[in-house]
Every structure is written in structure tokens, then in C-alpha cells.
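Before anything else, here's the structure in question.
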Amino acid sequence: MRMVESRSWSLKKCNQWILKLAASTLAVIFAFRIFTNFFDDLSTEVPLSDLRMSAIPQIQPDSVVSRQTTSGSHVNGKGKCDIFTGEWIPNPLGPAYTNDTCHVIEDHQNCMMNGRPDTGYLYWRWNPRNCELPLINAERFLEMMRNKSWALIGDSISRNHVQSMLCILSKVENPVEVYHDDEYKSRTWSFRSYGLTISVIWSPFLVEAAIFEDVNGVSSTETELYLDKFDKKWLDQYKNLDYIIFSTGKWFLKTAVYYEKDKIVGCHYCPKRNLTELGFDFAYRKSLSAVLNFIASSGHRGMIFFRTSTPDHFEGGEWFDGGGCERKSPVKAGEMKLKDLHKILRRIELEEFNKAVKLAYVNGVNLKLLDVNPLSLLRPDGHPGPYRWPHPFSKGKKLDKPNDCLHWCLPGPIDSWNDVIMQMVVDG
């Protein structure tokens, strides 16, 4: 909010902004309550479900969060380069794979198979400012990763990402699935000629959670989060993994009851229960701080990335009230702003990472920030939108299902995350 000559006028304007945000948030809550049919991944990650105004910290509308760490920098002829600051430039070569050449793409992200008619979104690459970022070399990557193990730990964006990685590497060798859990949420693939395994481990909170949802993602009661206990699905494998990408974020916006030392300490949006409203930001900071400090003190001798949460690009509404993502090309820096909720998540992520990375350095742990948030913000064109569904407009049909402006088409912008990872691995 801009500085003004009269302090009282400034406070008045600030209060007006807060009241407007409160009113819009309450309207969203009401809409969510009457909308009962969600779908799979998107329903569990929608950023405006089960919100309560008292849980949202007051922030300035145009507040900026700084990334203090240099873990995303590398050295070239011009000195250090921040590979997360730049722009999307045309790439006439197009994608490294298609839905015909890669067979691990889930239907919901298979935009070409589902009939998306435009292809311009496929012909862009991320270009950091003042330096070069090579496209990932699949053969070189596999050679570097002989007899190594990777794991992407998080929610359905991690699943989206692992499919991108597998598709790029499948140009050299097709991966073989060697493990899956009962729900196919945690899976492992092997590149047998190279002794490389790549896993996705389903752990949307990173901490222990009891989630009470049906197959459609509808909750029967509040999620129970144990903020001081780590999810054993990743903890039991942690020491044996060479490369790990941790991520979390939007699941913390869900209605939840919070536990510490096995005792209830409060909740996020539980009006029917006589509990202290702590807000999702309390739980997110507590959990993320605990996980990052564990990593920083663990003595792990591999390479560990913390990936920042990614924004959605719903415009004209949210997923449950007609919001969509109809853009056909990237935007420039400054043309699209983070939503306030995403600003809160991002602030917590960067603050807690910057604390942990100092401890990691002292303990010899190779902890890096994979800050895909800024480059992803500039790609509102890269989501499935209505093409999450097979041929949604065929034979004159009108779309009667929500758009997906959260996950990414494959192939699509998420493939450039792997270019960044390759560079960070090479730089060590």
C-alpha cells in the first residue's frame, strides 16, 4: 500500500482493503459449502477451500518476498547467474517428447490426447537473465545418475513433475515400473541399464496426517495433522536416497485439527468444535520448519532440493465457480501477480528455507532451493484447463466440469523444471 501524507487516511484505506478481502473470502466459503462434487487431484489442492478469514495473516496487497539464498545460482562468463529470474523465449525445436512417444502421462495431463487444439504453448523455453540454460541432455543425465536413486516427495504436482522427468529420459531408455502402492500414488520406476531408480512418494503434508476423504475427495471430517511427526512414507527411505525433491503447500489450506505431542493444540476452520483457531499459516510454518531443520541436521550426503509451491492460474473465478485459464502464451514478469494466499505460502517457504540452509551449510548437508514459483507464474497458458477431460467440446458439448488451471499439460512448461535441475546437479 502506498505511503500517504495522512496516517489516519492510510489506516482507513488499509481497513477497507481488509474488509473487502474478508467479504470475498466469506463468499468463497459459502460457495464451497454448496458445491459438493469435486474431482480427484484438483479438489484436494484447491487454494480457497475451507478458508477462514481469521486464519489469513494481514499482508500488504503488493508485498514482495525476497529470495536471499544463492542456491539457485551458477557461474558463467558473466559471473553468478540466478537461474530463476528470466523470461520465456521461443523454442522452435518444440518439446522433447509427445504423448505418442511417452507412455507414463496420466490422462488428466494429456492435453493433446484430450483434444487441446492450440500447440503454441509447446514452443517456449525458460531463459535466465544474463546467462545460458541448456536443455537437459537425457543421455548425459542418465550417465551421471548410474546406480543412483531419486525421489520426488509431495502431492500431485510432484506426480505431474515425475512424469515429465520420466518422459524426457525415456528418449534414451523406457523406464520400468517396479513398485506402486495400492492407490498408485507412490510409485517407483527403474532405468535398468543405468541402475537408476526414480520414485514419487505421496506425502502432501510431509508430516503425519490422517485424511478422511472418499474417492471423490470429499471430507467426512477434519484432517488430523501431527505437526511434530514426519510422514514415515518418506522418512523410512530418506537415508537411502541420493537425490530428493521435497515440496508441499496447498494441502495446508484444508480444514484440519492440529496435534503436537499427541495433544490437540488448535485447528484451521473448525467452527463446530470448541478449539482455538490457529490458521493454516501456523501449521505450515511449524511443519515446514520441522522438516527443513531435520534435513539440515540429518548428515545426509546426497543432494536435497526444496521446491517452492506453484501458483494456479484461475481467472474469472475459482475452479468451483467457472474460473478458467484460456491464455495461449506466456506473460512477462510483472504482468501477473501472485494471489494473496500464494504470497503467504511463499513467504513462509522462503523464510524457513533461509533459516535451514545456514544450518545445512554448517552440517555439510547439500540443501538447495528449487524456486520454480517465479518462472511458473509466467505460464498461465500451460495448464489443461477444460482439456483435463477428453474432447470436452466435441459435438457441440458445453463444459459441465471444472477447469484444471493448477496442474500442467505434458508436454508443457513443467518440462523446463528439469533443465533447471540438470544445471543445479551439474553445478553441484
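This one's a predicted model, so the numbers in the text were calculated from it and none came from an experiment.
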- Message: What verdict does the side-chain hydrogen bond (donor to acceptor under 3.5 Å, both in side chains) test give for Asn373 and Thr308, after you've listed the backbone C-alpha separation in whole Å, the side-chain angles of each residue and the deciding distance to 0.1 Å?
- Response: CA-CA 6 Å; Asn373 182 290; Thr308 51; 5.2 Å; no

- Message: Using side-chain heavy atoms (C-beta onward) and a distance below 4.5 Å, is Arg159 in contact with Arg187?
- Response: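 Answer no - side chains too far apart.
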
- Name of the residue among Pro384, Cys409, Pro386 meeting side chain to side chain contact (heavy atoms under 4.5 Å, CB included) with Asp404: Pro384

- Considering all heavy atoms of both residues, which atom of Pro411 and which atom of Leu122 are nearest to each other, and what is their separation?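 So the two residues come closest at O-CD2, 3.4 Å.
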
- Message: Less than 4.5 Å apart, side chain to side chain, heavy atoms only: is that true for Ile304 and Tyr238?
- Response: yes

- Message: Between Arg116 and Asp118, does any side-chain N to carboxylate O distance fall below 4.0 Å?
- Response: yes

- Test side-chain contact (heavy atoms from CB on, under 4.5 Å) on Leu369 and Val357 and set out the steps. CA-CA 9 Å; Leu369 184 68; Val357 75; over 6 Å; no

- Message: Between Leu410 and Asn160, is there a side-chain heavy-atom distance shorter than 4.5 Å?
- Response: yes

- Can you check whether Thr310's main-chain N or O pairs, donor with acceptor, with His342's side chain at less than 3.5 Å?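 No, His342 side chain to Thr310 backbone: no donor-acceptor pair under 3.5 Å.
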
- Show your reasoning for whether side-chain contact (heavy atoms from CB on, under 4.5 Å) applies to Phe393 and Tyr387. CA-CA 9 Å; Phe393 304 113; Tyr387 298 99; 3.6 Å; yes

- Message: If you compare all heavy atoms of Phe84 against all heavy atoms of Pro374, which two are closest, and at what distance to 0.1 Å?
- Response: O-CB, 3.8 Å

- Going by an N to O cut-off under 4.0 Å, is there a salt bridge joining Lys355 and Glu352?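 Salt bridge between Lys355 and Glu352, a charged N being under 4.0 Å from a carboxylate O: yes.
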
- Query: More than 12 foreign heavy atoms under 6.0 Å from NZ of Lys261: is that the case here?
  - Reply: no

- Query: Which residues pass the side chain to side chain donor-acceptor pair (under 3.5 Å) test with Ser247, sequence neighbours left out?
  - Reply: Ser158, Arg307

- Can you establish whether the number of heavy atoms outside Lys272 located under 6.0 Å from its atom NZ is more than 12?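 It does not: Lys272 NZ has 12 such atoms or fewer within range.
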
- With sequence neighbours excluded, tell me which residues meet ring pair (Phe, Tyr, Trp, His ring centres under 6.0 Å) with Trp124. none

- Heavy-atom side-chain contact between Phe306 and Lys368 under 4.5 Å: no

- Query: Are side-chain heavy atoms of Thr188 and Gln237 found at a separation under 4.5 Å?
  - Reply: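 Heavy-atom side-chain distance check fails, nothing below 4.5 Å.
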
- Taking the side chain as C-beta and beyond, is there a heavy-atom pair between Gln109 and Arg388 under 4.5 Å?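 Heavy-atom side-chain distance check passes, below 4.5 Å.
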
- Task: Please check if the side chain of Asp242 supplies one atom and the backbone of Ser149 the other of a donor-acceptor pair under 3.5 Å.
- Result: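 Yes; at least one donor-acceptor contact below 3.5 Å.
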
- Message: Quick check against the 3.5 Å criterion: does Arg125 have a side-chain atom that pairs as donor or acceptor with the backbone of Leu133?
- Response: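 Present.
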
- Item | Pair Lys286 + Asp228: basic N to acidic O under 4.0 Å | no

- Is the count of non-hydrogen atoms from other residues, nucleotides or ligands lying under 6.0 Å from Tyr361 atom OH greater than 12?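 No, not enclosed.
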
- Message: Would you say that Ser164 contacts Asn418 through its side chain, given a criterion of any heavy-atom pair below 4.5 Å between the two side chains?
- Response: yes

- Message: side-chain hydrogen bond (donor to acceptor under 3.5 Å, both in side chains) for Ser289 and Asn293? Distances and angles first, verdict last.
- Response: CA-CA 6 Å; Ser289 176; Asn293 278 286; 3.3 Å; yes

- Got a donor-acceptor contact below 3.5 angstrom from the Glu277 side chain to the Gly279 backbone? yes

- Query: Within the side chain of Gln423, is there an N or O that forms a donor-acceptor pair under 3.5 Å with the backbone of Asp419?
  - Reply: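 A pair under 3.5 Å: no.
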
- Taking NZ, NE, NH1 and NH2 as the nitrogens, is one of them in Glu335 or Arg327 under 4.0 Å from a carboxylate oxygen of the other?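 Between Arg327 and Glu335 there is no salt bridge, as every charged N stays at least 4.0 Å from the carboxylate O atoms.
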
- Item | Over 12 foreign heavy atoms within 6.0 Å of CD, Glu326 |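 Check fails, neighbour count at 12 or below.
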
- Query: Quick check: does any side chain N or O of Thr248 sit under 3.5 Å from a backbone N or O of Gly154, one acting as donor and the other as acceptor?
  - Reply: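 Here the side-chain-to-backbone pair does not exist.
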
- Report the residues that fulfil ring pair (Phe, Tyr, Trp, His ring centres under 6.0 Å) with Phe230, sequence neighbours left out, ordered by chain and then residue number.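 In terms of ring pair (Phe, Tyr, Trp, His ring centres under 6.0 Å), with neighbours along the sequence ignored, Phe230 is linked to Trp234, Phe294.
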
- List for me each residue that meets side-chain contact (heavy atoms from CB on, under 4.5 Å) alongside Asp107, sequence neighbours excluded, and say none if there are none.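 Here the qualifying residues are Met113.
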
- Message: My understanding is that only residues two or more places apart in sequence, or in another chain, count here; which of them pass side chain to side chain donor-acceptor pair (under 3.5 Å) with Ser376?
- Response: Trp417

- Task: Can you see which heavy atom on Tyr121 is nearest to which on Asp381, and at what distance?
- Result: CB-OD2, 3.4 Å

- According to the interplanar angle, ranging from 0 to 90°, do the rings of Phe252 and Phe205 count as parallel (below 30°), tilted (30 to 60°) or perpendicular (above 60°)? perpendicular

- Message: If you count heavy atoms of other groups shown closer than 6.0 angstrom to CZ of Phe212, is the number above 12?
- Response: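 Atom CZ in Phe212 is crowded, with more than 12 foreign heavy atoms closer than 6.0 Å.
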
- Task: Please test His108 against His407 for ring-ring contact (aromatic ring centres under 6.0 Å, His included), starting from the C-alpha separation and ending with a verdict.
- Result: CA-CA 9 Å; His108 291 324; His407 301 91; 8.6 Å; no

- Query: If you measure from the Lys or Arg side-chain nitrogens to the Asp or Glu carboxylate oxygens, is any gap between Lys339 and Asp312 under 4.0 Å?
  - Reply: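 Looking at Asp312 together with Lys339, the answer is yes, because their closest N to O distance falls below 4.0 Å.
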
- Message: The criterion is side-chain contact (heavy atoms from CB on, under 4.5 Å); which residues satisfy it with Thr101, sequence neighbours excluded?
- Response: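 For Thr101, the residues satisfying side-chain contact (heavy atoms from CB on, under 4.5 Å) (neighbours in sequence not counted) are Tyr97, Thr98.
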
- Query: Salt bridge check: are Glu208 and Lys232 linked by an N-O gap of less than 4.0 Å?
  - Reply: no

- Message: Strictly distance-based, threshold 3.5 Å: is any side-chain N or O of Trp389 a donor or acceptor partner for the main-chain N or O of Asp400?
- Response: no

- Are any side-chain N or O atoms of Asn354 and backbone N or O atoms of Glu351, one a donor and one an acceptor, separated by less than 3.5 Å?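 No.
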
- If only atom types and distance count, is the side chain of His300 paired as donor or acceptor with the main-chain N or O of Ile295 below 3.5 Å?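 No, His300 side chain to Ile295 backbone: no donor-acceptor pair under 3.5 Å.
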
- Task: Verify whether one side chain among Tyr269 and Glu222 offers a donor that lies under 3.5 Å from an acceptor in the other.
- Result: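 Note: Tyr269 and Glu222 side chains miss the donor-acceptor criterion.
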
- Message: With heavy-atom distances below 4.5 Å as the criterion, would you say the side chains of Leu367 and Phe353 are in contact?
- Response: yes

